[in-house]
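Residue indices begin at 1 and follow the sequence shown.
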Amino acid sequence: MAWVSLFIAGLFEIAWAIGLKYTEGFSRLWPSLGTAGAMLLSILFLEYSLRTLPVGTAYAIWVGIGAVGTAILGMVLFGESREPLRLACLALIVAGVIGLKFVTPAAS
């Protein structure tokens with residue numbers, strides 16, 4: 001369950017990072033509330049996963065999911081660069097996240 005919680009935390013990490021773009025400096029009420037809610041949920045799911053997963057591994061995976069997901073949505077939603085070297089760097093982050101998952105003992 002810790003791994004599922006960590007994945008959900010990463011999804012909320014993406015949501016709040018993208019949400020920041022829509023808050024326009026926290027001047028828009030609904031995007032600001034949605035972003036704050038996603039921040040809170042991201043931290044709560046991360047905290048739950050930390051009850052059984054090593055903090056370094058969980059944090060690195062949380063940040064990795066957030067970084068890659070936000071970068072991909074930035075490309076899709078905001079027309080950000082899709083140059084091959086950028087995609088290759090994102091692939092390296094994904095490889096690191098997968099590697100950490102495989103070398104971390106199963107949560108008990």
Side-chain angles (χ1 to χ4, degrees):
M1 198 62 182
W3 289 108
V4 172
S5 178
L6 183 57
F7 181 73
I8 293 169
L11 294 179
F12 279 114
E13 171 89 351
I14 296 165
W16 75 256
I18 293 297
L20 284 174
K21 183 80 168 174
Y22 292 103
T23 68
E24 296 177 12
F26 291 102
S27 65
R28 297 179 62 213
L29 178 62
W30 294 113
S32 297
L33 290 175
T35 298
M39 288 176 174
L40 178 62
L41 289 168
S42 182
I43 293 296
L44 290 174
F45 278 98
L46 175 62
E47 184 279 325
Y48 180 80
S49 73
L50 289 175
R51 293 177 188 182
T52 53
L53 296 175
V55 67
T57 298
Y59 184 76
I61 290 175
W62 179 65
V63 170
I65 291 169
V68 171
T70 302
I72 290 170
L73 281 180
M75 292 176 213
V76 172
L77 298 173
F78 309 121
E80 295 176 2
S81 169
R82 292 180 172 107
E83 65 183 78
L85 185 54
R86 185 169 191 224
L87 297 174
C89 290
L90 291 173
L92 289 172
I93 295 171
V94 171
V97 166
I98 291 169
L100 285 171
K101 166 66 172 104
F102 283 118
V103 300
T104 301
S108 36

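Residues Leu11 and Leu73 fall within the same hydrophobic cluster, defined by Ile, Leu, Val, Met, Phe, Trp and Tyr side chains chained together at heavy-atom separations under 4.5 Å. Each of Ile18 and Trp30 belongs to its own hydrophobic cluster when Ile, Leu, Val, Met, Phe, Trp and Tyr are linked at side-chain heavy-atom distances under 4.5 angstrom. Hydrophobic clustering, with ILVMFWY side chains joined whenever heavy atoms are under 4.5 angstrom apart, keeps Val94 apart from Leu85. Cluster membership check: Leu40 does not share its hydrophobic cluster with Tyr22, using side-chain heavy-atom separations under 4.5 Å among Ile, Leu, Val, Met, Phe, Trp and Tyr. In the hydrophobic clustering of this structure, Val97 groups with Trp62; members are Ile, Leu, Val, Met, Phe, Trp, Tyr whose side-chain heavy atoms approach within less than 4.5 Å, directly or through other members.
Gly69 and Ile14 get closest at one heavy-atom pair: CA-CD1, 3.5 Å. Across every non-hydrogen atom of Ser5 and Ser49, the tightest pair is OG-N, 3.8 Å. Annotation for Val55 and Leu50: closest pair CA-CD2, 3.6 Å, computed over non-hydrogen atoms.
The closest side-chain heavy-atom distance from Ile65 to Phe12 is not below 4.5 Å. The side-chain heavy atoms of Met75 and Leu87, taken from C-beta on, include a pair separated by under 4.5 Å. Using a 4.5 Å cut-off on side-chain heavy atoms (C-beta onward), Leu20 and Met39 make contact. Counting heavy atoms from C-beta outward, Trp3 and Ile61 have side chains that approach closer than 4.5 Å. Contact check for Ile8 versus Tyr48: no side-chain heavy atoms found under the 4.5 Å cut-off.
Side-chain atoms of Thr23 do not come within 3.5 Å of backbone N or O of Pro31 as any donor-acceptor pair. The backbone N or O of Gly19 lies less than 3.5 Å from a partner atom in the side chain of Thr35, making a donor-acceptor pair.
The distance from the CZ atom of Phe78 to the OG1 atom of Thr70 is 9.5 Å, given to the nearest 0.5 Å. Separation of atoms CD1 (Ile72) and CD (Glu80) is listed at 11.5 Å; rounding is to 0.5 Å. Rounding to the nearest 0.5 Å gives a distance of 9.5 Å between OG of Ser42 and CG of Leu6.
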